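Only heavy atoms go into these numbers, but all of them, side chains included; no hydrogens, no water, no symmetry mates. Since the model is a prediction, treat every value here as computed from it, not as a measurement.
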Amino acid sequence: MRIRIQSVMLFMMALVLSFSTLFIPAPKAHAAELGDVLYQAHVESLGWQPYVWNGEIAGTEGQSLRLEALKVRVTGLPDVHVKYRAHVERTGWQNWVQDGELAGTVGNSQRLEAFQIKLENAPPGYHIEYRAHVESLGWQGWVRDGDIAGTTGNSLRLEAIQIRLVR
């Protein structure tokens, strides 16, 4: 009886494990050849959101909530670093940070107004593209490789961002 119960339990566990793989999202097709960009946003009243990747939206739309900080990193591309900086309310441009470090502020109630991102040691033809959802303007067009996303001098908050690697 005991052996039969153990056999049934092992069968059930194997069945659960087999079916659980059906619900894990498959990696994006380009991820293996391009690498992945992961990023996280700190949002007014919500705090740090979970990491998102490869063009997904970080932040909020339609809630009038400011982005206050962000972290960005690249995986799957050895020796490639991602550098970025933020333009912060009442502060202006911060220094460049890299590979998951904090850009912006936490606990100061200051909005991000713009940001720049660039890759270091990327293989030829690799680019990082990004765009911002700006207060009263909506989604801006995609920019890349150190260009400015967002606005400066207009006192408009960033509400969401998207970042992707392209080749």
[X] [atom1] to [Y] [atom2] distance, which is reported to the nearest 0.5 Å:
X	Y	atom1	atom2	value
L102	Q94	CG	CD	7.5 Å
L165	I128	CG	CD1	5.0 Å
T91	N108	OG1	CG	8.0 Å
I161	Y39	CD1	OH	6.5 Å

Note: E129-R131 ion pair, threshold 4.0 Å (strictly below): no
Member of R66, R157, H87 meeting the side-chain hydrogen bond (donor to acceptor under 3.5 Å, both in side chains) criterion with E113: H87
Atom of L67, atom of G59 and distance for their closest heavy-atom approach: CD2-CA, 3.8 Å
Heavy-atom closest contact (Y130 atom, A149 atom, distance): CD1-CB, 3.7 Å
Between N121 and D79: side-chain donor-acceptor atoms closer than 3.5 Å: no
Q162 and W139 side chains, donor-acceptor separation under 3.5 Å: no
Side-chain touch R85/W93, heavy atoms, less than 4.5 angstrom: yes
Beyond-backbone contact of L112 with V88, side-chain heavy atoms, under 4.5 angstrom: yes
In one Ile/Leu/Val/Met/Phe/Trp/Tyr side-chain cluster, 4.5 Å: L158, W96: no
Stacked cation flag R164 on W142, 6.0 angstrom / 45 deg: yes
